[in-house]
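What follows is a set of notes on a single structure, which appears directly below.
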Amino acid sequence: MPELPEVETVRRTLETLILDKTITEVEILYPKIIQMDEHEFSERLIGQKINRIDRMGKHLIIHLDHDVLIVHLRMEGRFFYHPRGTRLTKHDHLCFHLSDGMQLTYHDVRKFGTMHLISQKDYLTQGPLKDLAKEPNEIDFQEFKALIQKRKTEIKAILLDQKVISGLGNIYVDETLFRAGIDPTRLGIHITDLEVNKILDAAKLVLEKAILLGGTTIRTFEAMDGVHGRFQNELMVHTKAGEPCPICGTTIIKTKVKGRGTYVCPTCQH
DNA sequence: AACGAAACCTGCGCGC
DNA sequence: TGCGCGCAGGTTTCGT
């Protein structure tokens with residue numbers, strides 16, 4: 001998936017395409033994506049209008065007349081907006097027919113994505129948003145600092161935890177820690193107040209810049225059919241193993257932290 | 001409570 | 001060409 005900037009790009013694109021359209025029919029080819037009975041899912045959706053599309057962390061929040069559809073694209077989820085009747089392909093799992101004669105198709109090679117349909121009144125207190133932390137630009141510093149400094153695990157793993165801070169994934173955590181000058185294997189308990197501050201500033205900067213450029217394209221991610229992010233040109237360490245650090249020239253190395261591919265400059269990050 | 005590993009899926013590139 | 005392995009942007013679950 002897409003991390004926060006990619007999801008924001010998808011959100012903005014969807015907004016231009018499906019706002020104020022009504023769902024007229026739902027096709028479910030792979031029911032495991034939805035977290036409820038497929039007949040109930042279809043019945044509830046049909047007839048509801050798409051009134052607003054928000055985003056919280058990496059979740060898309062589609063506000064309907066009565067319910068809220070919460071979408072997580074995970075690793076490879078994508079949407080396509082095509083004329084009704086366009087043939088579905090191998091990895092198309094859901095298809096929403098819309099009142100404008102178009103169809104919104106959910107496509108996901110690895111089938112990791114999820115959709116939750118929850119009533120408007122409960123969507124913040126039930127389901128995937130229940131324990132979601134705030135995003136870097138709205139997080140409370142004291143709260144964030146306390147969560148980091150009480151943990152005895154690596155800072156990279158802490159920053160990937162969406163209950164601590166939302167929106168960062170593997171790419172942007174590497175970029176954030178590089179800009180903050182911090183080694184991803186440092187334990188949370190050893191991170192100083194000053195360093196927490198640097199991390200937060202770096203995270204805000206990285207995400208803001210990535211949103212501006214429409215996200216990062218690595219391998220197959222596209223916001224919608226044919227739209228590529230341009231943040232990959234801004235990456236300083238992620239995917240740069242063997243290349244010189246843009247600050248000091250030291251060769252960037254690739255390691256593993258908690259099983260995740262991790263890129264660091266051994267000179268700039270301590 | 002907090003941690004790490006495994007699980008959920010498929011496709012791709014690599015070495016043999 | 002085929003096979004097995006490791007890898008991929010995320011999160012949840014399970015055992016310790």
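Throughout, protein chains are lettered first and strands after them, A, B, ... in sequence-line order, and every chain is numbered starting at 1. Computed over heavy atoms, backbone and side chain alike; hydrogens, waters and symmetry mates excluded.
When the C1' atom of B:dT10 is taken as reference, atom CG of A:D108 falls 10 Å away, rounded to whole Å. Distance, A:K111 NZ to C:dT11 C1': 18 Å, rounded to whole Å. For A:M75 and B:dC9, the CE to P distance is 14 Å, given to the nearest whole Å.
The separation of B:dA5 from C:dG6, taken at their P atoms, amounts to 16 Å, rounded to a whole angstrom. Comparing the P positions of B:dA6 and C:dC5 gives a spacing of 16 Å, expressed to the nearest Å.
When the side-chain nitrogen and oxygen atoms of A:T114 are compared with OP1 and OP2 of C:dT11, none of them lie within a distance under 4.0 Å. The phosphate of C:dT11 has OP1 or OP2 within less than 4.0 Å of a side-chain N or O from A:H72. Applying the 4.0 Å criterion to OP1 and OP2 of C:dG10, one finds that A:R260 has a side-chain N or O inside that range. Contact check, A:K256 against C:dC7: a side-chain N or O comes under 4.0 Å of OP1 or OP2. Between B:dA2 and A:R151, no contact under 4.0 Å exists linking OP1 or OP2 to a side-chain N or O. Side-chain N/O atoms of A:K152 include none lying less than 4.0 angstrom from OP1 or OP2 on B:dA1. OP1 and OP2 of C:dT11 both lie 4.0 Å or more from every side-chain N or O belonging to A:K163. Within the structure, every side-chain polar atom (N or O) of A:Q162 is placed at least 4.0 Å from both OP1 and OP2 of C:dG10. Taking 4.0 angstrom as the limit, A:K32 places none of its side-chain polar atoms (N or O) nearer than this to OP1 or OP2 of C:dT12.
Listed candidates were B:dA2, B:dT10, C:dG10. Nearest to the side chain of A:H91 is B:dT10. Checking C:dG10, C:dA8, C:dT12 against every side-chain atom of A:R110, the shortest atom distance belongs to C:dA8. For A:V109, counting side-chain heavy atoms from C-beta on, the closest listed nucleotide (C:dC7, B:dG11, C:dG10) is B:dG11. Across C:dC7, B:dG4, C:dT11, the shortest atom-to-atom separation from the side chain of A:K58 is found for C:dT11.
Base pairing of C:dT1 is not made with any nucleotide, judged by Watson-Crick or G-U wobble geometry with both donor-acceptor distances under 3.5 Å. Taking a pair to require two hydrogen-bonding distances under 3.5 Å in either a Watson-Crick or a G-U wobble arrangement, B:dA5 pairs with C:dT13.
Stacking between A:F112 and B:dC9 is absent: the ring centroid is not both under 5.5 Å from the six-membered base ring centre and under 30° in plane angle.
Open room surrounds NZ on A:K198; 12 or fewer heavy atoms of other groups in view lie less than 6.0 Å from it.
Between A:Y123 and A:H116, the gap from one ring centroid to the other reaches at least 6.0 Å.
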(message) Could you go through A:D140 and A:K145, starting from their C-alpha distance and side-chain angles, then the distance that decides it, and tell me whether this counts as salt bridge (charged side-chain N to carboxylate O under 4.0 Å, His left out)?
(response) CA-CA 9 Å; A:D140 178 79; A:K145 172 171 103 79; over 6 Å; no
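No donor-acceptor contact under 3.5 angstrom links the side chains of A:T125 and A:K130, judged on distance only.
Under a 3.5 Å cut-off, the side chain of A:E3 and the backbone N or O of A:K58 do not form any donor-acceptor pair.
Two residues are said to be in side-chain contact when any heavy atoms from C-beta on lie closer than 4.5 Å; A:L29 and A:L94 fail this criterion.
Residue contacts for A:G261: at a heavy-atom cut-off of 4.0 Å it reaches the sugar-phosphate backbone alone, with no base atom in range.
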